[in-house]
Amino acid sequence: MNSPLFTSCRNYSPIGYKLIVNLQNTIGLLLYAVVPVAFFKSSQFFMDSSKPKVIHEVVPYLRVYEDGTIERLLGTEVTPAAFDPQTGVVSTDVVVVPETGVSARLYRPKLTPNNQKLPLVVYFHGGAFCISSAADPKYHHCLNTLVATANVIAVSVNYRRAPEHPLPAAYDDSWAVLQWVASHSAGGEGSEAWVRDDVDFERVFLVGDSAGANIAHHLALRIVGSRSAQRMKLVGIVSIHPYFWGEDQIGSEAKDPVRKAMVDKWWQLVCPSGRGNDDPLINPFADGAPSFKDLGCDKVLVCVAERDILRDRGRLYYETLVKSGWGGTAEIVETEGEDHVFHIFQADSDKARSLVKSVASFINH
């Protein structure tokens with residue numbers, strides 16, 4: 001894709017790279033203030049003196065070494081695709097783009113006897129574009145629950161992560177998976193049976209949390225006028241605790257300077273374009289960002305959490321969408337007393353189950 005919006009992050013500059021390296025001490029101090037002391041006492045945290053020199057560190061997420069090695073400290077756990085006895089959901093992994101290794105995890109619920117075609121959820125996991133995966137046990141558990149509750153087919157996208165693959169790689173990978181999904185509609189060349197035979201291509205939804213919600217927004221813009229839009233109907237998107245940001249603080253962000261300073265730095269790791277947090281990819285409200293009125297779906301559900309540092313960006317997203325002249329309908333749900341992506345980390349809590357039920361209701365009504 002040749003759009004400037006999706007090519008900006010490929011343009012590294014020496015100044016931008018040097019800025020990233022110089023940020024490591026600041027980020028380390030900020031995260032030390034919010035990460036439990038027990039973590040720093042663990043053997044995982046302390047660096048092996050035999051390893052190459054660390055040139056960039058975002059504690060407690062990852063380290064970048066001078067030889068180019070990336071060491072992730074969180075979001076590295078994986079679980080295989082399998083039958084889940086608790087929900088009856090079965091999953092399998094497929095390689096979508098062999099050239100890049102981009103893959104997806106497919107989920108199928110207990111099918112009705114008459115093989116009724118089901119809505120499709122294309123899911124984008126969170127992790128600030130740099131950690132976690134579709135095989136993360138927490139996401140796997142969440143997808144099993146969502147698929148069983150909503151009675152849908154799901155395709156969970158395993159996009160490439162920064163900093164090895166700076167943005168827009170995650171957007172491009174997610175778009176490639178969406179095109180692959182569309183190729184399974186009537187007359188298409190797709191051959192994956194679960195998608196080809198069991199999906200109602202008139203009921204397709206993009207769902208994502210955090211960075212994944214960011215991806216869902218940009219793909220809902222990108223699909224307009226595309227061949228994929230001709231092959232399937234994008235009914236709606238679900239934006240859970242969306243990762244949007246900006247140079248200027250809004251709402252309650254000023255009351256949480258530690259976490260605000262931490263979030264300020266993330267984007268420069270994953271997208272060192274030199275445009276900072278007003279890059280339209282992270283700040284859809286910035287000058288030059290695509291208009292919300294061009295969103296290519298009929299309805300949107302925005303979910304925010306009361307204690308989330310990103311909460312007010314989610315609220316602004318909803319408000320901007322409603323005022324944009326977009327022709328669809330928007331809803332917003334706020335969970336009291338909870339923080340960012342609590343439904344992933346506390347998946348079996350009553351509030352997490354309530355959130356999943358809200359998503360399921362949005363999809364099926």
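What you are looking at is a predicted structure, and each value in this text was computed from that prediction instead of being measured.
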Does any non-hydrogen side-chain atom of Pro163 lie less than 4.5 Å from one of Leu62? yes
What's the verdict on side-chain contact (heavy atoms from CB on, under 4.5 Å) for Arg313 and Val263, showing C-alpha distance, side-chain angles and the deciding distance? CA-CA 12 Å; Arg313 300 286 169 173; Val263 178; over 6 Å; no
Note, Trp245 side chain near Lys260 side chain (heavy atom, < 4.5 Å): yes
Output yes when a side-chain donor or acceptor of Ser183 lies under 3.5 Å from a complementary backbone atom of Trp180, and no otherwise. yes
Determine which pairs satisfy ring pair (Phe, Tyr, Trp, His ring centres under 6.0 Å) with at least one residue from residues 343-365, sequence neighbours left out, and list them in order. His241-His343
Distance check, rounded to the nearest 0.5 Å: Leu143 atom CG versus Ser156 atom OG? 4.5 Å
Side-chain (Arg72) to main-chain (Cys130) donor-acceptor, under 3.5 angstrom: yes
Hey, does the side chain of Ser185 reach the backbone of Ala182 with a donor-acceptor pair shorter than 3.5 angstrom? yes
Is the shortest side-chain heavy-atom distance between Val199 and Val181 below 4.5 Å? no
To the nearest 0.5 Å, how far apart are CG in Asp279 and CH2 in Trp267? 5.5 Å
Hydrophobic cluster membership, with links at side-chain heavy-atom distances under 4.5 Å among I/L/V/M/F/W/Y: are Trp175 and Ile237 in one? yes
For Phe129 and Tyr159, take the angle between the two ring planes, folded into 0 to 90°, and tell me which bin it lands in: parallel under 30, tilted 30 to 60, perpendicular over 60. tilted
Mark yes or no for whether Tyr139, through its side chain, and Gly126, through its backbone, hold a donor-acceptor pair below 3.5 Å. yes
Would you find a donor on one side and an acceptor on the other, under 3.5 Å apart, between the side chain of Ser174 and the backbone of Ala170? yes
Tyr243 vs Asp209, test: side-chain contact (heavy atoms from CB on, under 4.5 Å). Steps then yes/no. CA-CA 8 Å; Tyr243 174 30; Asp209 66 271; over 6 Å; no
What residues form a salt bridge (charged side-chain N to carboxylate O under 4.0 Å, His left out) with Glu334, not counting sequence neighbours? Arg315
Would you say that Arg160 contacts Thr100 through its side chain, given a criterion of any heavy-atom pair below 4.5 Å between the two side chains? yes
Which atom pair, heavy atoms only, marks the closest approach of Ile223 to Ser228? CG1-CB, 4.3 Å
With sequence neighbours left out, write down each residue that passes ring pair (Phe, Tyr, Trp, His ring centres under 6.0 Å) with Trp326, or none if nothing qualifies. none
So does Ser132 get a backbone contact from the side chain of Arg161, meaning a donor-acceptor N/O pair under 3.5 Å? yes
Test of understanding: clusters of I, L, V, M, F, W, Y form through side-chain heavy atoms closer than 4.5 Å, transitively. Do Leu219 and Leu221 belong to the same one? yes
Residue pairs meeting ring pair (Phe, Tyr, Trp, His ring centres under 6.0 Å), one or both in residues 304-325, sequence neighbours left out, come to His217-Tyr317, Phe244-Tyr317, Phe292-Tyr317
In Å and rounded to the nearest 0.5 Å, what is the CG to CD1 distance from Leu146 to Ile363? 5.5 Å
Check the hydrophobic clustering (I, L, V, M, F, W, Y; side-chain heavy atoms under 4.5 Å; chains of links allowed) and say if Ile153 and Val204 are grouped together. yes
CG/Leu316 to CG/Leu310 distance, rounded to the nearest 0.5 angstrom? 12.5 Å
Side-chain heavy atoms nearer than 4.5 Å, only ILVMFWY residues, links allowed to pass through others: does that put Leu281 and Leu206 together? yes
Heavy-atom distance under 4.5 Å between the side chains of Leu355 and Ile240, does that happen here? yes
Can you list every side chain to side chain donor-acceptor pair (under 3.5 Å) pair that touches residues 291-306, not counting sequence neighbours? Lys233-Asp298
Donor-acceptor check, side chain of Ser91 to backbone of Ala82, threshold 3.5 angstrom: yes or no? yes
State, with a plain yes or no, whether a side-chain heavy atom of Pro280 is found less than 4.5 Å away from one of Arg275. yes
Check whether Asp278 reaches the backbone of Glu247 with its side chain - one donor and one acceptor, N or O, closer than 3.5 Å. yes
Under the salt bridge (charged side-chain N to carboxylate O under 4.0 Å, His left out) rule, collect the residues that match up with Asp197, sequence neighbours excluded. none
To the nearest 0.5 Å, what is the distance between OG1 on Thr92 and CH2 on Trp194? 5.5 Å
For Thr149 and Ala360 the tightest heavy-atom approach is CG2-CB, 3.9 Å
Could you work out, with ring pair (Phe, Tyr, Trp, His ring centres under 6.0 Å) as the rule, every residue matching Tyr107, not counting sequence neighbours? His140
For Phe205, which residues count as a ring pair (Phe, Tyr, Trp, His ring centres under 6.0 Å) partner, sequence neighbours excluded? none
From CA spacing to verdict: side-chain contact (heavy atoms from CB on, under 4.5 Å), Val94, Leu106: CA-CA 8 Å; Val94 297; Leu106 312 185; 4.0 Å; yes
Please report the shortest heavy-atom distance between Val89 and Pro109, naming the atom on each side. CG2-CA, 4.2 Å
Do NZ/NE/NH1/NH2 and the carboxylate oxygens of Glu202 and Lys117 come within less than 4.0 Å? no
So if you build clusters from Ile, Leu, Val, Met, Phe, Trp, Tyr with side-chain heavy-atom gaps below 4.5 Å, do Ile131 and Ile215 land together? yes
Examine the side chains of Ser252 and Arg311 and answer whether a donor and an acceptor come within less than 3.5 Å of each other. yes
Summary of salt bridge (charged side-chain N to carboxylate O under 4.0 Å, His left out) pairs that have at least one residue in residues 78-99, sequence neighbours excluded: Asp93-Arg105
Please walk me through it: do Val97 and Asp173 pass side-chain contact (heavy atoms from CB on, under 4.5 Å)? CA-CA 8 Å; Val97 186; Asp173 293 347; over 6 Å; no
Could you list the residues that satisfy salt bridge (charged side-chain N to carboxylate O under 4.0 Å, His left out) with Arg353, not counting sequence neighbours? Asp348
Measuring from Arg196:CZ to Asp198:CG, what's the distance to the nearest 0.5 Å? 9.5 Å
Quick one, Thr87 and Val147 - any side-chain contact, counting heavy atoms below 4.5 Å? no
Can you tell me which residue pairs pass the salt bridge (charged side-chain N to carboxylate O under 4.0 Å, His left out) test with a partner in residues 123-150, sequence neighbours excluded? none
Are Asn364 and Asn151 close enough that some pair of their side-chain heavy atoms sits under 4.5 Å apart? no
Should we count CG of Asp67 as having more than 12 external heavy atoms under 6.0 Å? yes
Spell out, as yes or no, whether a donor-acceptor pair under 3.5 Å connects the side chain of Gln268 to the backbone of Lys265. no
Under 4.0 Å between a side-chain nitrogen and a carboxylate oxygen: does that hold for Asp172 and Arg222? yes
Are side-chain N/O atoms of Trp266 and Asn277 paired as donor and acceptor at under 3.5 Å? no
Please name all residues satisfying salt bridge (charged side-chain N to carboxylate O under 4.0 Å, His left out) with Arg231, sequence neighbours left out, ordered by chain then number. Glu189
